[in-house]
*Asks:* 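Attaching a single structure in structure tokens format; questions to follow.
To find a chain, count down the sequence lines: A is the first, B the second, and so on, and within it residues start at 1.
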Amino acid sequence: MRPFNYFRATTGEEAVKTVSSQPKARYLGGGTNLLDLMKDNVESASDLVDLTRVPLTEITEYNGGVSISALAKNSDTANHELIRTRYPLLSHAMLGAASAQIRNMATNGGNLPIFGASDQCVAVHPSDMAVALAALDAKIHVLTPKGTVRIIPIADFHRLPGDHPESDNTLQHGELIARIELPPPRFMDHSYYLKVRDRTIYAFALISVAAALELDGNTIKDVRLAMGGVAHKPWRAHQVEKALIGKKATEQNFAAGAEAEMKAAQPLAHNGYKVELGKRAIVRALLRANGTV
Amino acid sequence: MQDPRIPDAKADVPLSDDENALLREMLQSGLPRRDFLKMMAGASAGVFAYQLLTEKQVLASTLALAQSTGAPSAAEGATVAVEFTVNGVSRNLEVDPRVVLLDALREKLALTGTKKGCDHGQCGACTVIVDGKRVLSCLTLAAQVDGKAVTTVEGLATEEQLHPMQEAFIEHDGFQCGYCTPGQLCSAVALLDEAKRGECSYVTPDMKSPPTQLSDDEIRERMSGNICRCAAYPQILAAIQSIHSSRKAVQTWGFASEEKLAEIRKELASETV
């Protein structure tokens, strides 16, 4: 690693001040991503601001929903009673990521940034948590260098890569994710996070689907579906959602919705399999969420 | 100039071509000699650094460079103080901020039980327990554990006896080469605490009701961050299950019976290819 100045921040504001004053300063959360890349000199920092001591770790009720602090560990978040009981989809998605050790180290804030796709770059984003958050309509609260708080809906958080694929989200330098806000829970009983990967554990998803249903008998009152591994940001499957509201929760309807969604897919030379895989994954995730399988 | 901390350091062994090349590269940093040496010590460069000290050529070069270049950035040569407990013992270290916990344990504290497998967070061999939670020491800066309690594999046994998990690993033949084993043990011990705390995993059927009894599949999922190239997985699972639920894991293999052997021998005898 290249040498860096090391600072231990004690408050969020202190951290923001330090990082925003140095163009090449970086935040250190869990280190599971940054340190890995710094070892290979893919990433570097002139100054590293360690957030280990910053007290931004609570998970509490908020506005009828829940507020998840950015520096809470992934494992603590996924296993928190509020999340497990009210947003099991998020728990499920987070527990499908990485390994137990990494989940114990990784922060929520560090799990949100992603990689881009355009003519310049075709990497898909790897975060399972982000997919579940997209399905749940989360809002990201960001501390700015000016001392204000910016609230960004998750759908707007990950930017389209366009001509700047290296800049993967709408955060300005020095801005620090402070908390993730979840709206009042509605999909507690019928949700599932399906993660399709080359092996059964500890791998990024080829395709993942976060599916949640609100049922009235066998009729779908409301549905949320987001996909990972298919685009540069968590993909909210609006076509499926539109197709399913008011319909019966049957495999046929799920399949029709999946068909509609994947129509717009633009596969490349080597990932055409994801179109068919995507359709089937959507159906399977919905069947799982519905409790049919 | 024999440093008692470094046994058997040979003061007069000449540097190899590689070491010379490396040395020239490092001297590009243009540090004042004292800072350079402090940085080498802080980065745990060990015997190599020691050999550098005895090379007259090196000392002359660092002095010359220091005089010719401007002041170095504040980063180089700076160290950070880390105070933490390891296996119950309080430790104070002064390290280059870049030093990871794994290297601090192995190189500074001579606790070589924890192993460096991939050094990139993918194998789990470096797993240790920090404040009761299992983490990867290769992706943790030593500076990050300031004020925390670290347990390594060396801290599992007491003076009198092995940790029950260690005994189980022996009883169930949970290792061959043993390289992944310290990481497996720390991971397994922490896993038991996670289960007691009611933590879920990806394969938990209902997130709302955490399991008290972990199935084999649950244990497999929860141990999936620890790789074993000797494939001792079934035995590792059996060892952990024996401690967790005091029952034997489902055995999926068995010795062939005499009848089965005879059948196979007959088949083999009749093959013409």
*Asks:* Quick check: are there more than 12 heavy atoms from other residues, nucleotides or ligands sitting under 6.0 Å from CZ of A:Phe204?
*Replies:* no

*Asks:* Relative to chain A, which segment of B:Val135 carries a heavy atom at a distance below 4.5 Å: side chain, backbone, both, or neither?
*Replies:* both

*Asks:* Name the option with the most non-hydrogen atom pairs under 4.5 Å to chain A; the candidates are B:Val203, B:Leu191, B:Val130, B:Val80.
*Replies:* B:Val80

*Asks:* Should we count CD of A:Glu58 as having more than 12 external heavy atoms under 6.0 Å?
*Replies:* yes

*Asks:* Just so I understand: if I count every heavy-atom pair under 4.5 Å between each of A:Arg2, A:Lys73, A:Met94 and chain B, which residue has the most?
*Replies:* A:Arg2

*Asks:* Might you work through the side-chain contact (heavy atoms from CB on, under 4.5 Å) test for B:Glu221 and A:Leu95, ending with a clear yes or no?
*Replies:* CA-CA 10 Å; B:Glu221 168 69 25; A:Leu95 290 171; over 6 Å; no

*Asks:* Heavy-atom cut-off 4.5 Å, strictly under: side chain, backbone, both or neither for B:Val100 against chain A?
*Replies:* side chain

*Asks:* Is it true that, when you exclude A:Asn41 itself, more than 12 heavy atoms of the residues, nucleotides or ligands shown sit nearer than 6.0 Å to its CG?
*Replies:* yes

*Asks:* If you count heavy-atom pairs under 4.5 Å between each of B:Pro210, B:Gly121, B:Cys200 and chain A, which one has the most?
*Replies:* B:Cys200

*Asks:* Find the one option among A:Thr32, A:Asp47, A:Asp50 whose heavy-atom pairs under 4.5 Å with chain B are most numerous.
*Replies:* A:Asp50

*Asks:* Between A:Thr52, A:Thr200, A:Asp40, A:Asp36, which has the largest tally of heavy atom pairs under 4.5 Å with chain B?
*Replies:* A:Asp36

*Asks:* Non-hydrogen atoms of chain A under 4.5 Å away: do they reach the side chain of B:Ser201, the backbone, both or neither?
*Replies:* backbone

*Asks:* If you look at every heavy atom in B:Gly225 and A:Ser99, which pair is closest and at what distance?
*Replies:* CA-CB, 3.5 Å

*Asks:* If you apply the rule side-chain contact (heavy atoms from CB on, under 4.5 Å), what do you find for A:Ile83 with B:Met207, and how did you get there?
*Replies:* CA-CA 9 Å; A:Ile83 308 299; B:Met207 293 291 146; over 6 Å; no

*Asks:* With a 3.5 Å distance limit and no angle check, can you tell me whether A:Lys39 reaches the backbone of B:His120 through a side-chain donor-acceptor pair?
*Replies:* no

*Asks:* When you measure from the side chain of B:Lys208 to the backbone N and O of A:Met188, does any donor-acceptor pair fall under 3.5 Å?
*Replies:* yes

*Asks:* Against chain A, work out which of B:Glu199, B:Arg222, B:Met223 has the most heavy-atom pairs shorter than 4.5 Å and name it.
*Replies:* B:Glu199

*Asks:* Mind checking the OG-CD spacing from B:Ser187 to A:Gln101? Nearest 0.5 Å is all I need.
*Replies:* 4.0 Å

*Asks:* Please work out whether the ring planes of B:Tyr202 and A:His92 are parallel, tilted or perpendicular, with thresholds of 30° and 60°.
*Replies:* parallel

*Asks:* Using a 4.5 Å cut-off on heavy atoms from C-beta on, say whether the side chain of A:Leu48 contacts that of B:Pro97.
*Replies:* no

*Asks:* Is chain A contacted by the side chain of B:Thr204, its backbone, both, or neither, given a heavy-atom distance below 4.5 Å?
*Replies:* neither

*Asks:* CG of B:Asn226 to OH of A:Tyr202: how many Å apart, nearest 0.5 Å?
*Replies:* 9.5 Å

*Asks:* Determine which residues belonging to residues 137-148 of chain B lie within contact range of chain A, meaning some heavy atom pair is under 4.5 Å apart, and list them by number or answer 'none'.
*Replies:* B:Cys138, B:Leu139, B:Thr140, B:Leu141, B:Ala143, B:Gln144, B:Asp146, B:Lys148

*Asks:* Please indicate whether A:Arg186 has more than 12 foreign heavy atoms, meaning atoms of other residues, nucleotides or ligands, lying under 6.0 Å from its CZ.
*Replies:* yes

*Asks:* Counting only heavy atoms closer than 4.5 Å, note whether A:Leu28 contacts chain B via side chain, backbone, both or neither.
*Replies:* side chain

*Asks:* Will you find, in the side chains of A:Asn79 and B:Glu194, an N or O donor that is under 3.5 Å from an N or O acceptor?
*Replies:* no

*Asks:* Around atom CZ of A:Arg284, are there more than 12 heavy atoms from other residues, nucleotides or ligands closer than 6.0 Å?
*Replies:* no

*Asks:* Go through B:Lys133 and A:Asp76 one step at a time and tell me if the side-chain contact (heavy atoms from CB on, under 4.5 Å) criterion holds.
*Replies:* CA-CA 11 Å; B:Lys133 307 273 176 81; A:Asp76 291 335; 3.1 Å; yes

*Asks:* Working to the nearest 0.5 angstrom, can you tell me the gap between B:Asp206 CG and A:Thr85 OG1?
*Replies:* 10.5 Å

*Asks:* Side chain of A:Asn104, backbone of B:Arg134: donor and acceptor closer than 3.5 Å?
*Replies:* yes

*Asks:* Should we say atom NZ of A:Lys17 is surrounded by more than 12 heavy atoms from elsewhere, each under 6.0 Å from it?
*Replies:* no

